[in-house]
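Here's the structure, in structure tokens; my notes come after.
For the numbers below, each heavy atom of this structure counts, side chains included, while hydrogens, waters and symmetry mates do not. The chains referred to below are lettered A, B, ... by the order of the sequence lines, with proteins before strands, and numbering in each begins at 1.
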Number of protein chains: 4
Amino acid sequence: MARTAGSHGPKTLEAINRAGLRLIYEHGFEAMSLRQLAAEVGIQVGSLYNHIRTKQDLLFGLLQSHMETLLAALDQALAGESGPERRLAAFAAFHVDYHIVRKEEVFICYSELRSLTPEQYPVIVDLRRHYERRLIDILEDGARAGCFAVADAAVTAYGILALLTGVCTWFRPGGRMSAADVAALYTDMALKSVKI
Amino acid sequence: MARTAGSHGPKTLEAINRAGLRLIYEHGFEAMSLRQLAAEVGIQVGSLYNHIRTKQDLLFGLLQSHMETLLAALDQALAGESGPERRLAAFAAFHVDYHIVRKEEVFICYSELRSLTPEQYPVIVDLRRHYERRLIDILEDGARAGCFAVADAAVTAYGILALLTGVCTWFRPGGRMSAADVAALYTDMALKSVKI
Amino acid sequence: MARTAGSHGPKTLEAINRAGLRLIYEHGFEAMSLRQLAAEVGIQVGSLYNHIRTKQDLLFGLLQSHMETLLAALDQALAGESGPERRLAAFAAFHVDYHIVRKEEVFICYSELRSLTPEQYPVIVDLRRHYERRLIDILEDGARAGCFAVADAAVTAYGILALLTGVCTWFRPGGRMSAADVAALYTDMALKSVKI
Amino acid sequence: MARTAGSHGPKTLEAINRAGLRLIYEHGFEAMSLRQLAAEVGIQVGSLYNHIRTKQDLLFGLLQSHMETLLAALDQALAGESGPERRLAAFAAFHVDYHIVRKEEVFICYSELRSLTPEQYPVIVDLRRHYERRLIDILEDGARAGCFAVADAAVTAYGILALLTGVCTWFRPGGRMSAADVAALYTDMALKSVKI
DNA sequence: GATGAATGAGCATTCATTCAT
DNA sequence: AATGAATGAATGCTCATTCAT
């Protein structure tokens, strides 16, 4: 009796990715079992292997596609903005917003780096470096233009990124502040932190 | 042939804690096996159970003793300081410094919260809240005194904590900046981020 | 995209048999997977079942058709020969030659008997007995005619068969001796082994 | 509840080896499952791993210790014999006898060579070559002494070995001939096969 | 005749934990 | 306090086979 209702083809892969993301976020990659995943998707364990090559590859695919989507979204967000201050504000607002909306992806992309193989690891870290580079560039431009006080652009960027990223560990929708409020507050803090 | 070198008495527990910390930091709690741990310590797996009750308890003990040490150290660091600005600076400098020196403990205390049982979890989270509370108090004092611009003391505190904590994911001794340099830079950024 | 090159019609079955033979010879029946086989043939696993009923049947078919071909070839080789000595020599030369040329079939026919079902097993073993019978008859004729010294025709036949069959485990074309050299040497040894 | 009655320490390893040998002989290495093996021994599957490193290593250990025992036994059997004819007769009688008594070890040592890893394979094959070398030496000595007709000592040796080894595929105790009868018959055939 | 996705059983191996010695 | 052997459950993965398309 092959083929259960409602689970054919690429929809299954989508479902696997969605459920995989949630389970890794919730329990961690090591702690998530393919049995859990299969149950969530509504198929047998063995059937997973019609869609993924290994558990390891599932993780890598998730991280890679997250990083690529993130980078593309950032570039779009920065597209219209010019001037270091406006660009920094746009970066901060975008980052907070994205990290609230996609907190699962963002979280596992930080926490599961160590679960990658030696081959996969540098690929993701490199994509991350591209992302960080955008912020470092903004800070360096601002420093040259004399509008930011930046002792070390990279270290400052890591600080700002950490400040903005923290949001995905504590923010819960429906709390005291809206996502927009938080974005505004943190954008303000980020800007002030590099003020002359 | 009982008793291999280096494994007698209370020293063994110490060795277990030290090795456990390192292994959890490196591979994550779920991914670390007691077999690895025993091998690292130089005893057989079964012997671990003369020193710990369960794997779970090992984790809890590590996190709990870390949080208690951290809190005590913070109180000592803030002891002589008065005035919101000086207290905030002292907090920031202490936090960065501690998070560089004890990065393993700090890291697993963030990343392995989810591996705790429902009974253990609130104990650690509560200790953490005490730590955060110190910073929130400083910010609220500063806001009341009119020297800090703080829209929401808790959210601002989370931001500053994230900014300062980030250090333990990227700092490597021997890099471009010394620990003291980084502490100074991040203290400055933290102070400016709440400037009026 | 149905139908990849090289996989239409009855040619596919041929390709399956050829690849199956090679894979069983190389890895053993149990160790060969239908996935490997399908990949070798250039079709999907499911498609195999348009040509074979089960993996088990593939093995049986291979062994059965091998044994039938072998028997027919033997009868042809013995056709013109008369007299125990000439018939024994003809048998030995044929056996060595065939076992060099078709060593895969021969090998799996010995080694995979145990992978047959209780229904299939006696069919193949019976065909084998027919083959052995030819040699036993020659030996008994020779004994009766007083030209062979044979204590027990069956046991002697098993010995000669083993001697001649061994060739398929070590013979490599291009070695010190040609196939014809080996056939001559072993024929000679077989004849001498039953000399009065 | 650790430790079931009757299964402690090195006795368990012995039991594993004994049962492993039987199961590999019966079903082949690939087809034997560690579940079967554990059941046979009367322990849980996981407990096997207190005694063997992997399934693969079990096979290797069996083959290696068989070959070493075989070699030692051969040397002992040849110890007192001198002269090519007497030595060949001693070799043949020993070989047949050993291959009847230890047919399981002998059989799997032939049939499971292909299940060895690339590292294990040459170790066993090398031991085998040492064994074959003993026979080749005898034949070469005999040829030099003018008492054997040997066109190619190695190829002749392979033939004789095959002739003698065959016994382990068909001999059943209690049949028409005793082990001693078969040994005598095959020793005679082997000697005659190289007669001048 | 071929495909791709499914099934369910099975595999070798690892794990935390227990306990007689 | 340490060992070594046991347990039983779990893990990631593979397999022969089925079948709607």
Spacing of [X] atom [atom1] relative to [N] atom [atom2], expressed in whole Å:
{"X": "B/His27", "N": "E/dT14", "atom1": "NE2", "atom2": "P", "answer": "15 Å"}
{"X": "C/Lys55", "N": "F/dT14", "atom1": "NZ", "atom2": "C1'", "answer": "11 Å"}
{"X": "B/Ile52", "N": "E/dT17", "atom1": "CD1", "atom2": "P", "answer": "7 Å"}
{"X": "C/Gln56", "N": "F/dA16", "atom1": "CD", "atom2": "P", "answer": "11 Å"}
{"X": "A/Ile43", "N": "F/dT14", "atom1": "CD1", "atom2": "C1'", "answer": "15 Å"}
{"X": "C/Met32", "N": "F/dT14", "atom1": "CE", "atom2": "P", "answer": "17 Å"}
{"X": "C/Glu30", "N": "F/dA16", "atom1": "CD", "atom2": "C1'", "answer": "11 Å"}
{"X": "A/Leu34", "N": "F/dT11", "atom1": "CG", "atom2": "P", "answer": "9 Å"}

- Picking from F/dT11, E/dT13, E/dC15, which would you name as closest to the side chain of A/Arg35? F/dT11
- Query: Counting side-chain heavy atoms from C-beta on, which of E/dT13, E/dG8, E/dT3 comes nearest to C/Asn50?
  - Reply: E/dT3
- Message: Is a donor from one side chain sitting under 3.5 angstrom from an acceptor on the other, for C/Ser115 and C/Glu112?
- Response: yes
- Task: Verify the distance criterion only: is there a donor paired with an acceptor across the side chains of A/Thr117 and A/Glu119 at less than 3.5 Å?
- Result: yes
- Where each residue is assigned the nucleotide of DNA chain F containing its nearest heavy atom, which of A/Ala31 and C/Thr54 is assigned the position nearer the 5′ end? A/Ala31
- Message: For D/Gly46 and C/Gln36, find the nucleotide of DNA chain F closest to each by heavy atoms; which residue's nucleotide sits nearer the 5' end?
- Response: D/Gly46
Hey, does the side chain of [X] come within less than 4.0 Å of [N]'s phosphate (OP1/OP2), counting only N and O?
{"X": "B/Gln44", "N": "F/dG4", "result": "yes"}
{"X": "C/Ser47", "N": "E/dG1", "result": "no"}
{"X": "C/Thr12", "N": "E/dA2", "result": "yes"}
{"X": "C/His51", "N": "E/dA2", "result": "yes"}

- Counter-base of F/dT14, judged by Watson-Crick or G-U geometry with both distances under 3.5 Å: E/dA9
- Message: Strictly by Watson-Crick or wobble contacts shorter than 3.5 Å, is anything paired with E/dA20, and which nucleotide is it?
- Response: F/dT3
- Message: Assess whether a salt bridge exists between A/Arg102 and A/Glu105, defined as any Lys/Arg side-chain N lying under 4.0 Å from an Asp/Glu carboxylate O.
- Response: yes
- Message: Would C/Arg53 pass as a cation-pi partner of C/Phe60, given that its NZ or CZ must be under 6.0 Å from the six-membered ring centre and within 45 degrees of the axis?
- Response: no
- Query: How about B/Tyr121: does its OH atom have over 12 heavy atoms from other parts shown lying under 6.0 Å from it?
  - Reply: no
- Could you check C/Leu48 against D/Tyr49 and say which one's nearest nucleotide on DNA chain E is further toward the 5' end? C/Leu48
